[in-house]
Amino acid sequence: MAGVAGMAEATLAAHELTRRFGGLVAVDRVSLELKGAEIHALIGPNGAGKSTLINLLSGGLSPTSGSISFRGAPVPHARPEQMARLGVGRTFQQSNVFMELSAFENCRLAAQARLPRAWAVYERAIDCRASTDAAASALRSVGLDARADIPAGVLAHGERRALEIAMCLATDPGVLLLDEPLAGMGLEESQRVLELLRTLRPQHAILLVEHDMDAVFAIADVITVMADGAVLASGSPAIVRANSAVREAYLGDVV
């Protein structure tokens, strides 16, 4: 599968992206391609620029220089809502759900954001068939359909992380940007999320930011290593594993 994906056109691509905050260069001329049916892991020490890069790709930040393209078309000065409507979904390091709302309502709201219906001002939200169907389908995809009516704040940590992915799926994305989805999870919860990502891989281009190296090397098709805002190395897990500069800067004895 990885070989086939390697021949495909990039769904989302960054070209020489740079982001400066005053004198600090948080992202330094980073180029990256996310392709369908491929899990692209982004790793590096804290402060390497990984989350800033995700914020650039999702429209949360504007690049100082460089460009972003979606399916080959430039997307200059895109806002988060524009990227979402193009088909770029993301999760965050910290849980970003409405705790008092049910899992279903969280997903339905996400679907509505992708399917705005300004003319239906008198229609009840529950009567919007497109958003309710999208929410139900997303919950099934992550195995939370039986927990649809449970408030998000009552869900276990791993279930909430799965709910965040479901909220992305409810927007019908072609790209998933996942910022540390395994953070705070035990082994069993992590394995469930990894299996979920395997089931999502055929239909999506996935960028996975993660510190769990065992998980990264078990699931990634491509790995990009960042350090001090720049790309230190990028390639297959075998190539990255063998890179002496990567081992010295980050992996150490992990691999």
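Model, not experiment: these values are computed from the prediction.
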**Closest contact, heavy atoms only, Leu139 versus Cys107** = CD2-SG, 3.7 Å

**Request:** Would you indicate whether the side-chain heavy atoms of Ile43 and Glu210 approach each other to under 4.5 Å?
**Result:** no

**Asked** Would a 4.5 Å heavy-atom cut-off, applied to side chains only, mark Leu56 and Val27 as touching?
**Response** yes

**Prompt:** Closest approach of Ala37 and Pro202, non-hydrogen atoms and distance?
**Reply:** CB-O, 4.0 Å

**Message:** Leu32 vs Leu57, test: side-chain contact (heavy atoms from CB on, under 4.5 Å). Steps then yes/no.
**Reply:** CA-CA 10 Å; Leu32 191 75; Leu57 293 173; 4.3 Å; yes

**Request:** Go through the side-chain N and O atoms of His77 and Ser62 and say whether any donor and acceptor fall under 3.5 Å apart.
**Result:** no

**Item:** Residues Arg71 and Glu9 bridged, charged N to O under 4.0 Å
**Value:** no

**Message:** Could you see if Leu42 belongs to whatever hydrophobic cluster contains Leu61? Use Ile, Leu, Val, Met, Phe, Trp, Tyr and a side-chain cutoff under 4.5 Å.
**Reply:** yes

**Asked** Cut-off 3.5 Å, side chains only: do Ser236 and Asp221 have a donor facing an acceptor?
**Response** no

**Student check: side-chain heavy atoms of Thr52 and Phe21 closer than 4.5 Å** = yes

**Request:** State whether a side-chain donor-acceptor pair under 3.5 Å links Asn55 with Arg19.
**Result:** no

**Message:** Contact between His211 and Asn46 at the side-chain level, heavy atoms closer than 4.5 Å - yes or no?
**Reply:** yes

**Heavy-atom closest pair, residues Ala220 and Ile223** = CB-CG1, 3.8 Å

**Prompt:** Mind checking whether Glu38 and Arg201 have side chains closer than 4.5 Å, heavy atoms only?
**Reply:** no

**Fill in**
Rounded to the nearest 0.5 angstrom, the CZ-CZ distance for Arg241 and Arg247 is 8.5 Å

**Request:** Give the intermediate values and the outcome of salt bridge (charged side-chain N to carboxylate O under 4.0 Å, His left out) for residues Arg108 and Glu105.
**Result:** CA-CA 5 Å; Arg108 187 187 58 74; Glu105 284 298 302; 2.6 Å; yes

**Asked** If you take all heavy atoms of Glu100 and Pro151, which pair is closest and at what distance?
**Response** O-CB, 4.2 Å

**Item:** Leu194 side chain reached by Leu182 side chain, heavy atoms, under 4.5 Å
**Value:** yes

**Request:** Verify whether one side chain among Glu16 and Ser67 offers a donor that lies under 3.5 Å from an acceptor in the other.
**Result:** no

**Distance, nearest 0.5 Å, that separates CG of Leu200 from CG of Leu196** = 4.5 Å

**Prompt:** Any donor-acceptor pair under 3.5 Å linking the side chain of Lys35 with the backbone of Leu12?
**Reply:** no

**Prompt:** What is the minimum heavy-atom distance between Gly229 and Val30, and which atoms define it?
**Reply:** O-CG2, 3.4 Å

Side-chain donor/acceptor pairs under 3.5 Å, residues 162-178, sequence neighbours excluded:
| unit_1 | atom_1 | unit_2 | atom_2 | d |
| --- | --- | --- | --- | --- |
| Glu164 | OE1 | Arg161 | NH1 | 3.2 |
| Glu164 | OE2 | Asn96 | N | 3.0 |
| Thr171 | OG1 | Cys168 | O | 2.6 |

**Request:** Measure the spacing between OG1 of Thr11 and NE2 of His40 and express it to the nearest 0.5 Å.
**Result:** 12.5 Å

**Prompt:** For Leu109, which fellow cluster members are found when Ile, Leu, Val, Met, Phe, Trp and Tyr are connected by side-chain heavy-atom distances below 4.5 angstrom, either directly or through intermediates?
**Reply:** Phe98, Leu101

**Note, Arg29 side chain near Leu17 side chain (heavy atom, < 4.5 Å)** = no

**Request:** Look at atom CG of Asp228 and say whether more than 12 heavy atoms of other residues, nucleotides or ligands are closer to it than 6.0 Å.
**Result:** no

**Prompt:** How close do Ser102 and Ala148 get, heavy atom to heavy atom, and via which atoms?
**Reply:** CB-O, 3.4 Å

**Request:** Evaluate the side-chain proximity of Asp179 to Ser51: yes if any heavy-atom separation is below 4.5 Å, no if none is.
**Result:** yes

